[in-house]
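For the numbers below, each heavy atom of this structure counts, side chains included, while hydrogens, waters and symmetry mates do not. From a predicted model like this one, the values you see are computed outputs, not experimental measurements.
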Amino acid sequence: MSRFIDDLKRTHRCGSLRAADVGKEVVLFGWVESRRDHGGCVFIDLRDREGITQIVFDPAYAEADTWASRGGAPAGLDKELLAKAHDLAEQIRGEWVVGIRGVVLSRGSNVNPKIATGEIEVLVLEATVFNKADTPAFELKDDIDTREEVRLQYRYLDLRRAPLQRILRMRHEINRATRNYLSDAGCLELETPFLVKYTPGGARNFLVPSRLSQGKFYALAESPQLYKQLFMVAGFDRYFQIVKCFRDEDLRVDRQPEFTQIDVELSFVNQDDVFTLMEGLVFAIYKAALGQDLHDVFPDGRFPRIPFSESMAKYGNDKPDLRFGLEHVDLTDLVIELGGGGVPFFAEIADRYTSGALSRAHKPQIVKALVIPAAANLSRPQLEELEKGLRDVKGFRGLARAKVAEDGSWTQSPLAKSVTPDARARINAAVGAKTGDVICFQFGLADLVHTVMAKLRVDVAKRMGLIPEYGHGGKWKFLWVTNPPLFEPGDGEGTWVAAHHAFTRPVDEHLPLLETDPARVECYRYDLVLNGFEIGGGSIRLHDPDVQQRVFNVLGIELESAREKFGFLLDALRSGAPPHGGIALGMDRVAMLLSGAPTLRDVIPFPKTNQGTDQMTGAPVTVDASQLADLAVRVVSAP
RNA sequence: GGGGUGGUAGUUAAGUUGGUUAUAACGCCGGCCUGUCACGCCGGAGGCCGCGGGUUCGAGUCCCGUCCACCCCGCCA
């Protein structure tokens with residue numbers, strides 16, 4: 001072994017040799033991808049992170065005659081070493097780590113077009129086994145069908161596979177492009193603590209018991225939010241960090257308990273300034289990670305922007321997938337005007353508004369429709385299948401449908417009998433329904449209607465083949481969703497809580513509404529959305545103490561606790577805080593979407609399962625009583 | 001916290017109305033093979049059917065519980 005490591009040294013990686021290298025003596029190190037033994041000569045595909053090279057062990061090449069057609073035997077030929085190498089080749093098995101010295105030979109017309117090095121092979125003159133390997137728990141092929149449970153248990157094997165190697169390499173490129181771009185943009189990469197003070201509200205924190213202050217706890221930072229604002233107060237002007245964040249919430253296909261953000265904060269900026277900087281960053285990332293110029297998709301270098309309210313109205317959520325249409329139509333006003341149009345369910349809602357029980361300004365209950373075009377050609381069982389998919393939305397009670405006949409009448413519908421012809425015609429016109437279309441209705445509490453219809457929209461698109469089950473499908477639909485409400489109703493009547501956090505700056509024109517109609521106060525907050533995923537979000541912060549006070553007045557009882565929780569920030573903001581704002585990109589999600597990976601787990605080297613466990617190490621684990629005693633912590637329920 | 005899907009050889013799957021010895025492919029082991037590249041041919045080993053109860057003459061199959069993984073809702077500023 002030492003001869004290979006100390007003397008020979010690796011000359012090439014397994015993906016680099018080409019026809020031009022024929023005749024060179026090379027040294028390759030790698031893992032045995034596969035072995036094909038023909039008794040006499042043995043072929044091995046040798047793999048490293050750069051690719052695969054076929055190496056050949058052939059005893060015939062011990063004889064000078066065999067070299068005649070290759071221009072004579074090479075200087076490095078030693079019959080004994082070659083024979084030894086062939087003996088080794090008989091023993092070598094998959095995933096063994098080997099080193100070889102050999103000569104690059106042309107494969108003539110016998111090329112393998114599937115690999116980049118397919119024009120050549122390396123005839124082995126000398127070989128060594130660095131290490132044997134247990135038979136892997138699963139076959140390390142590119143298109144794997146092994147259960148994820150098993151792959152996660154042997155993550156170091158799974159990571160040997162080319163698809164995952166490609167993704168982690170792409171992450172590296174994203175990181176590098178980010179550092180270059182943001183550094184060039186004048187941002188300083190500054191670090192913030194992970195062990196921070198626990199603050200209630202927002203995401204649940206992981207807690208870390210303190211040994212030195214027994215009975216007290218740190219929290220793991222859910223984001224560097226407060227600290228990056230303090231950097232602005234301190235005059236660093238522009239900051240970024242590629243930083244781990246920790247949130248103890250339930251997991252999803254696009255959520256992990258620890259994840260990475262590209263975190264940015266800027267002084268003396270407005271919303272547009274943040275957008276411009278980030279658009280440039282995303283363009284740079286695409287160039288670096290995919291080699292793609294996003295100007296092909298967004299020629300002016302900008303992403304479209306829509307207000308939060310419009311996003312909710314048209315798509316039912318704040319992260320719409322714009323790769324397809326299927327927009328929602330809000331029928332609430334029409335239904336009110338029609339007095340329900342003969343449909344009892346609609347009439348109930350209309351009455352509540354006409355009687356003044358519900359406020360037309362705020363619309364707590366709504367009626368929405370979505371048209372499945374006739375072209376979708378969905379059968380009745382397929383439509384029922386779609387409805388079934390909505391059942392996991394809590395509170396979902398059913399989806400009213402109506403198939404539009406040639407004369408505009410409705411069939412296959414519980415509403416067909418009761419709806420008045422006039423109302424039917426008005427609704428058909430409002431939703432733009434044509435013959436054969438299926439109109440889906442949802443009505444009731446606004447949140448539920450939005451959730452159901454948002455899911456329906458995506459389900460229909462997948463069913464129609466407008467978007468793939470996962471992956472980008474070659475489309476990159478970015479947009480900014482801007483200016484959501486600053487407050488949302490609290491538990492008590494007439495109380496308000498901050499929709500995001502209490503330090504977001506209200507939209508200037510809405511400042512007078514703070515005292516009169518808080519529900520309608522929008523704020524300078526924004527999300528960056530790609531193909532239906534929120535990949536980033538941020539806000540312009542509230543740095544003006546007077547407005548800050550008025551916001552706290554609306555929040556009422558939250559004021560005291562805000563002082564207790566964020567007193568240091570409030571003090572800081574009064575100490576000479578520049579106007580500032582920022583954003584954080586979910587870098588794992590960006591990597592997932594760019595790579596087309598089906599889950600976040602595929603773009604994180606060592607991810608957790610849905611239960612937050614590590615299948616490989618078994619974490620989290622119980623600990624000794626003595627360790628708990630050091631921390632003054634006691635486990636109450638049996639583990 | 002709620003809903004859904006799944007767990008059978010190392011891996012992926014099949015397994016009928018409950019019925020003799022639980023199948024297959026790939027992988028693995030042995031033998032043969034000098035141009036394979038999904039090498040080929042011959043032979044072989046390999047099973048707590050997730051775990052624990054129950055029903056039954058008899059359970060991979062039916063019932064109850066439980067664990068694990070995945071997907072969704074709540075939650076995630």
When both hydrogen-bonding distances must be under 3.5 Å and the geometry is Watson-Crick or G-U wobble, what is [N] paired with, if anything?
{"N": "B:rC41", "answer": "B:rG31"}
{"N": "B:rC75", "answer": "none"}
{"N": "B:rU5", "answer": "B:rA69"}

Next item on the list: For A:Arg93 and for A:Thr146, find the nucleotide of RNA chain B with the closest heavy atom, then tell me which residue's nucleotide is more 5'.
Entry: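 On the 5' side of the pair lies A:Thr146.
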No-H, no-angle donor-acceptor pair, [X] side chain to [N] base, under 3.5 Å:
{"X": "A:Glu149", "N": "B:rG50", "value": "no"}
{"X": "A:Gln225", "N": "B:rA77", "value": "yes"}
{"X": "A:Gln54", "N": "B:rU36", "value": "yes"}
{"X": "A:Arg255", "N": "B:rC75", "value": "yes"}
{"X": "A:Arg107", "N": "B:rU36", "value": "yes"}
{"X": "A:Asn110", "N": "B:rC37", "value": "yes"}

Notebook entry, point to check: Under 3.5 Å, side chain of A:Arg541 to main-chain N/O of A:Arg505, donor-acceptor pair present?
Noted result: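 No; zero donor-acceptor contacts below 3.5 Å.
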Notebook entry, point to check: Is there a donor-acceptor pair closer than 3.5 Å between any side-chain N or O of A:Gln54 and the backbone N or O of A:Val122?
Noted result: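 Between the backbone of A:Val122 and the side chain of A:Gln54 there is no qualifying donor-acceptor contact (under 3.5 Å).
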Next item on the list: With heavy atoms under 4.0 Å as the rule, sort A:Val253 into base, sugar-phosphate or nothing.
Entry: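 Answer is sugar-phosphate: A:Val253 comes under 4.0 Å of backbone atoms only.
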Next item on the list: Measure from the side chain of A:Arg247, starting at C-beta and using heavy atoms only, and say which of B:rA77, B:rC68, B:rG35 lies closest.
Entry: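 Taking heavy atoms from C-beta onward, the closest nucleotide is B:rA77.
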Item checked: Closest nucleotide among B:rG35, B:rC71, B:rA77 to the A:His501 side chain ->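 Of B:rG35, B:rC71, B:rA77, B:rA77 is nearest to the side chain of A:His501.
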Item checked: Pair A:Gln548-A:Asp544, side-chain donor/acceptor within less than 3.5 Å ->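 Result is no, nothing qualifies.
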Check: Just wondering, are more than 12 heavy atoms of other shown residues or ligands nearer than 6.0 Å to CG in A:Asp87?
Finding: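 For A:Asp87, atom CG is crowded (more than 12 foreign heavy atoms under 6.0 Å).
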Check: For A:Phe43 and B:rU36, are the ring centres under 5.5 Å apart with planes inclined under 30°?
Finding: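 Yes, the aromatic ring of A:Phe43 stacks with the base.
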Next item on the list: Begin with the C-alpha distance, continue with both residues' side-chain angles, and end with the deciding distance and a verdict on side chain to side chain donor-acceptor pair (under 3.5 Å) for A:Gln229 and A:Tyr227.
Entry: CA-CA 5 Å; A:Gln229 289 190 242; A:Tyr227 292 95; over 6 Å; no
